[in-house]
Protein chains: 2
Amino acid sequence: MTDTFVSNPSFFKLDATLKKLRNYWQKMFDAQQKDITVDQWLLIENLYKHKKTTHNELARNTSKDITTISRIIELLVKKGLVKREADVQDRRKVYLQLTPAGVDKYKDVRSLVYDMRKIGWKTLTETDYAELTRILDTIYANIP
Amino acid sequence: MTDTFVSNPSFFKLDATLKKLRNYWQKMFDAQQKDITVDQWLLIENLYKHKKTTHNELARNTSKDITTISRIIELLVKKGLVKREADVQDRRKVYLQLTPAGVDKYKDVRSLVYDMRKIGWKTLTETDYAELTRILDTIYANIP
DNA sequence: TAGCAACTGTTGCTATGGCAACTATTGTTT
DNA sequence: AAACAATAGTTGCCATAGCAACAGTTGCTA
């Protein structure tokens, strides 16, 4: 492993790419008056797929801190997109699920998100995608 | 391009990997009492390389918002690691550079950062690194 | 059964990220 | 020269990120 290799800023490139993606998504959301943030979208998408989950599960699924989940959910509840439901057996637990308005929001935003994903990948192949996945997974696994 | 391909969460993977990297770096900084954050380190590294820059240049070089630069620099000035110097020609401009303590901090943290970069890449090759760079650069270029 | 550990979620604090509005300065135009 | 546009940086606001401390609940164990 050369010195150049070690000192080359992959951290920086990851950060820059992610920021550009996030900004682009947010600008498109805003331009089409979707009235949500990118991270709020990620939680909505996850809640649509899992129907009924807890804060903890959502945190694991989205790779977010549980305090962040707590606060984003609070915003989504205020917007009427998510509802909380206490567990009968375990009174510590709170189940989260999309309201009908939340499901509508998911369906409304989904196609825009698909289009944006296509844009990011337009000049890349499925092999590239597999490579990126493999490398990122490896880095992830390498970190203690 | 298949539907699976489009809907697969590369955004999520980028985000998760970057977070894990950032957390690991921060924990190592804290464990060794470096008394800086990861982003503060990135600015110090940049200021070491460019010796004398403005907020604007720093923002471009680090892919950060200029308001974020302004605030991080404020923290670094308070820590005595950076000093501001007004331009004589253009009184809107402020030049930034490391203080001697800032240079010491850079030298103190550098080897730790090198080691951590090695850890992230330990099971990957230079070809992998080139691939990641190529793919991320392409995604970056694809986004409007 | 009393005590304690583990678990679920919230709140406070600080840092980063991004947009809009603002001040101050400089450059351009007429 | 006056008016205006462009530039450099700061501040206010809200959202996300993560740590520590906390409250309430549940499960385990002496």
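In the text below, chain A, chain B and the rest are named by the order of the sequence lines, each starting its count at 1.
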Rounded to the nearest 0.5 Å, how far apart are CZ of A:Arg117 and CD1 of B:Ile139?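 Between atom CZ of A:Arg117 and atom CD1 of B:Ile139 there are 12.0 Å.
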
Do A:Thr123 and B:Asn142 get their side chains close enough for a donor-acceptor pair, meaning under 3.5 Å?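 A pair is found: one side chain offers a donor N or O, the other an acceptor, under 3.5 Å apart.
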
Distance check needed: [N] [atom2] versus [X] [atom1], whole Å only.
X: B:Gln26; N: D:dC19; atom1: CD; atom2: C1'; answer: 10 Å
X: B:Gln40; N: C:dT14; atom1: CD; atom2: P; answer: 14 Å
X: A:Glu74; N: D:dA17; atom1: CD; atom2: C1'; answer: 18 Å
X: A:Lys78; N: D:dC14; atom1: NZ; atom2: P; answer: 11 Å
X: B:Leu58; N: C:dT16; atom1: CG; atom2: C1'; answer: 14 Å
X: B:Glu85; N: D:dA8; atom1: CD; atom2: C1'; answer: 16 Å
X: B:Asp87; N: C:dA24; atom1: CG; atom2: C1'; answer: 15 Å
X: B:Ile73; N: D:dT10; atom1: CD1; atom2: C1'; answer: 14 Å

Does the structure place the NZ or CZ of [X] under 6.0 Å from the centre of the six-membered ring of [Y], at an angle of no more than 45° from the ring's axis?
X: B:Lys20; Y: B:Tyr24; answer: no
X: B:Lys118; Y: B:Tyr114; answer: no
X: B:Lys34; Y: B:Phe29; answer: no

Distance below 4.0 Å between [X] side-chain N/O and [N] OP1 or OP2:
X: A:Thr37; N: D:dA15; answer: no
X: B:His55; N: D:dA8; answer: no
X: B:Asn56; N: D:dT7; answer: no

B/S/- contact track for nucleotides 17-22 of chain C, protein heavy atom under 4.0 Å: BBBB--

Take A:Trp121 and A:Leu132 through the test side-chain contact (heavy atoms from CB on, under 4.5 Å) and record every step on the way to the result. CA-CA 12 Å; A:Trp121 284 97; A:Leu132 178 65; 3.7 Å; yes

Select from B:Asp90 and A:Leu75 the residue whose nearest nucleotide in DNA chain D is closer to the 5' end of that strand.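 Whichever sits nearer the 5' end wins; that is B:Asp90.
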
Position toward the 5' end of DNA chain D (nearest nucleotide), B:Ile69 or A:Arg91: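 Result: B:Ile69.
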
Just say parallel, tilted or perpendicular for the rings of A:Tyr106 and A:Tyr48, cut-offs at 30° and 60°.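 Taking A:Tyr48 first and then A:Tyr106, their aromatic rings lie parallel (interplane angle under 30°).
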
Given that B:Gln89 and A:Arg60 both sit by DNA chain C, which one's nearest nucleotide is further toward the 5' end?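 Result of the comparison: A:Arg60.
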
Strand partner of D:dA30, provided both Watson-Crick or wobble distances fall under 3.5 Å: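 Pairing partner, where one exists within any strand: C:dT1.
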
Please evaluate the base of C:dT25 for a donor-acceptor partner in the side chain of B:Arg92 within a cut-off of under 3.5 Å?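 Such a pair exists between side chain and base.
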
